[in-house]
Peer 1: 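Provided herewith is a single structure, encoded as structure tokens, for subsequent inquiry.
Start at 1 and go down the list; that is how both ligands and their atoms are numbered. Hydrogens, waters and symmetry mates are skipped; everything else that's a heavy atom, side chains included, is used.
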Amino acid sequence: MVPVNEAIGIVLQHSPKPDCESVALSDALGRVLAEDIVADSDLPPFDRAQMDGYAVCAADVATVPARLRIVGESAAGSGWHQEMKEGEAVRIMTGAPVPVGADAVQQVELTRDVDSGSVVEILEPVETGRSIVRQAAEIKAGETVLQAGDEISAAMIATLASFGYARVKVGRRPRVAVMATGSELVDVDKRPGADQIRDSNNYTIAAYATIAGATVERLSLAGDDTEQLKQQIADAAKRSDVLVTSGGVSMGVYDFTKAALKELGAEIFFERVALRPGKPTVFARLGKTLVLGLPGNPVSVSVTFNLFARTALRAMQGAKKPGLIAETAVLARAVKGSIERESYLPAVLRTDEMGTLLVEPLQWGGSSDFVAFARATALINVPTGVKTIEASQAVRIVRLPGSTL
Ligand code: AMP
Ligand code: MG
């Protein structure tokens, strides 16, 4: 059995370097940047008014009310490009350039137009620099504003757009093939016969793979038959960068996935991980295709996919931090660990009235209990050898991708 961290290290070591491609900005959300993003202009590009009001010279309005002659108007997109002199004011709008000669903007609420709009009365003094954002105060041209390896969030889109990145270089999406194995499985649109169950793993894996940035092909269900498995695996490997199978990796008489992989000549990197749930997880390479052979139980699938397959998929796109990020939360109820294995136990996160992040282990019936797992938003990580962690202790958690909070 390899420890979880070691297994993740092995996955990273064998994940190929990202290929990149250029995509339109409108398709860039969620992709991983393959280039640094550099400002092509100062921000703001000129001294910019932050309020609607009057551009003034602060010294002119030290004593109020002060009357100033309105000599022009500076609007967003259409500035006033003469020099403002003593005793003068320019009507100005939010986002417009501040004229030369002005050193402050007084907001319109603290002014009053007189003489049918040719003169403004400034009702309150204003300090130098007020309501002006100076050119380059936010960003200087040439500065790196986002880095290769960052995942493009909705909040980053404005940055890309503002510096002219109509197209962006990103990591190519890995092609994932998903294949559930098990002679008991029928497709979701079928009614299970005697001794049969509906396949859920193909859909779960497809969902998590999509969240991880992959394009997904769901393959037809494979029975527990080494020859059939060999054929379907070989076929799938030709069409995908990563093949994710579920089922058939335990010690049962009909667990043939590993045998099929070995007979096809796959290189097996690990086949048992000191992990609960998810011990029989297999990681291999067949030709150029990475293969993750996940256990069959639906909860084990969710845990092992997110620890190993997701990490590979994100690394293949060039993500800076491809693995799940560990955080700390306070345990709401005691959990039990395992002597030999590291545990990742389904849990729900919430905050208490003081803002402390609490994590509550789910009441669940084990790794087949996908109905209980449906509520999970996080996994509690109990280190190997720890028997119990009591309530109120701080624990390591990872958030479950695709769930909120
Ligand atoms: P296995 O690892 O093949 O022994 O499967 C372990 C358990 O998971 C068995 O109870 C299977 O019926 C169940 N299982 C396997 N594959 C799937 C699947 N695709 N969808 C739902 N349950 C599955
Ligand atoms: Mg099976």
Peer 1: Nearest protein heavy atom to atom 2 (O) of ligand 1, by residue and atom, and its distance?
Peer 2: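 Protein heavy atom with the smallest distance to atom 2 (O) of ligand 1: G296 N, 3.1 Å.
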Peer 1: What part of N202, side chain from CB on, backbone N/CA/C/O, both or neither, has a heavy atom under 4.0 Å from ligand 1?
Peer 2: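 Contact part for N202 vs ligand 1: neither.
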Peer 1: Parallel under 30°, tilted from 30 to 60°, perpendicular over 60°: which one fits the rings of F283 and F269?
Peer 2: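 Ring orientation of F283 relative to F269: tilted.
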Peer 1: Identify the protein heavy atom lying closest to atom 22 (N) of ligand 1, giving its residue, its atom name and the separation to 0.1 Å.
Peer 2: I197 CD1, 3.5 Å
Peer 1: Is G252 in contact with ligand 1, taking contact as a heavy-atom separation below 4.0 Å?
Peer 2: no
Peer 1: Is the closest heavy-atom distance from S368 to ligand 1 below 4.0 Å?
Peer 2: no
Peer 1: Verify the distance criterion only: is there a donor paired with an acceptor across the side chains of R276 and Y344 at less than 3.5 Å?
Peer 2: no
Peer 1: Could you tell me whether the side chains of T94 and D52 share a donor-acceptor contact shorter than 3.5 Å?
Peer 2: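 Per modelled atom types, T94 and D52 side chains form a pair under 3.5 Å.
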Peer 1: Are S22 and R167 close enough, and set up right, to give a side chain to side chain donor-acceptor pair (under 3.5 Å), and what steps lead you there?
Peer 2: CA-CA 6 Å; S22 156; R167 298 193 70 81; 3.0 Å; yes
Peer 1: In the protein, which heavy atom is nearest to atom 17 (C) of ligand 1, and how far is it?
Peer 2: N201 ND2, 3.1 Å
Peer 1: Count the heavy atoms of every other residue, nucleotide or ligand shown that sit under 6.0 Å from NZ of K320, and state whether that count exceeds 12.
Peer 2: yes
Peer 1: May I ask you to identify the nearest protein heavy atom to atom 1 (P) of ligand 1, giving residue, atom name and distance to one decimal place in Å?
Peer 2: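 Atom 1 (P) of ligand 1 sits closest to the protein heavy atom G248 N, 3.8 Å.
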Peer 1: Side chain, backbone, both or neither: which part of L185 comes within less than 4.0 Å of ligand 1 when only heavy atoms are counted?
Peer 2: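 Only the side chain of L185 comes within reach of ligand 1.
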Peer 1: What atoms of ligand 1 come within less than 4.0 Å of a heavy atom belonging to G247?
Peer 2: 2 (O), 3 (O)
Peer 1: Residue-level breakdown please: for A180 versus ligand 1, do any non-hydrogen atoms fall below 4.0 Å on the side chain, on the backbone, on both, or on neither?
Peer 2: side chain
Peer 1: Please report the C-alpha distance between V23 and E21 in whole Å, then the side-chain angles of each, then the deciding distance to 0.1 Å, and finally whether the side-chain contact (heavy atoms from CB on, under 4.5 Å) criterion is met.
Peer 2: CA-CA 6 Å; V23 296; E21 62 182 359; 4.1 Å; yes
Peer 1: How many angstroms lie between CG in L264 and CD in Q231, if you round to the nearest 0.5 Å?
Peer 2: 10.0 Å
Peer 1: Return the residue, atom name and 0.1 Å-rounded distance of the protein heavy atom closest to atom 19 (N) of ligand 1.
Peer 2: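 For this ligand atom, the closest protein heavy atom is D199 OD1, 2.7 Å.
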Peer 1: For atom 10 (O) of ligand 1, what's the nearest protein heavy atom and its distance?
Peer 2: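 Result for atom 10 (O) of ligand 1: N297 OD1, 4.3 Å.
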Peer 1: Around atom CG of D352, are there more than 12 heavy atoms from other residues, nucleotides or ligands closer than 6.0 Å?
Peer 2: yes
Peer 1: Of the protein's non-hydrogen atoms, which lies at the shortest distance from atom 9 (C) of ligand 1, and what is that distance?
Peer 2: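 Heavy-atom neighbour on the protein nearest atom 9 (C) of ligand 1: E184 OE2, 4.1 Å.
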Peer 1: Among all the protein's non-hydrogen atoms, which is closest to atom 21 (C) of ligand 1, and how far away is it?
Peer 2: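 So the nearest neighbour among protein heavy atoms is S200 OG, 3.4 Å.
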Peer 1: How close do V299 and D369 get, counting heavy atoms only, and between which atoms?
Peer 2: CG2-O, 3.6 Å
Peer 1: Show the nearest heavy-atom pair for residues D36 and A148, with the distance to one decimal.
Peer 2: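 Looks like OD1-N, 2.9 Å.
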Peer 1: Does G182 have a heavy atom less than 4.0 Å from any atom of ligand 1?
Peer 2: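 G182 does not count as a contact of ligand 1 under the 4.0 Å cut-off.
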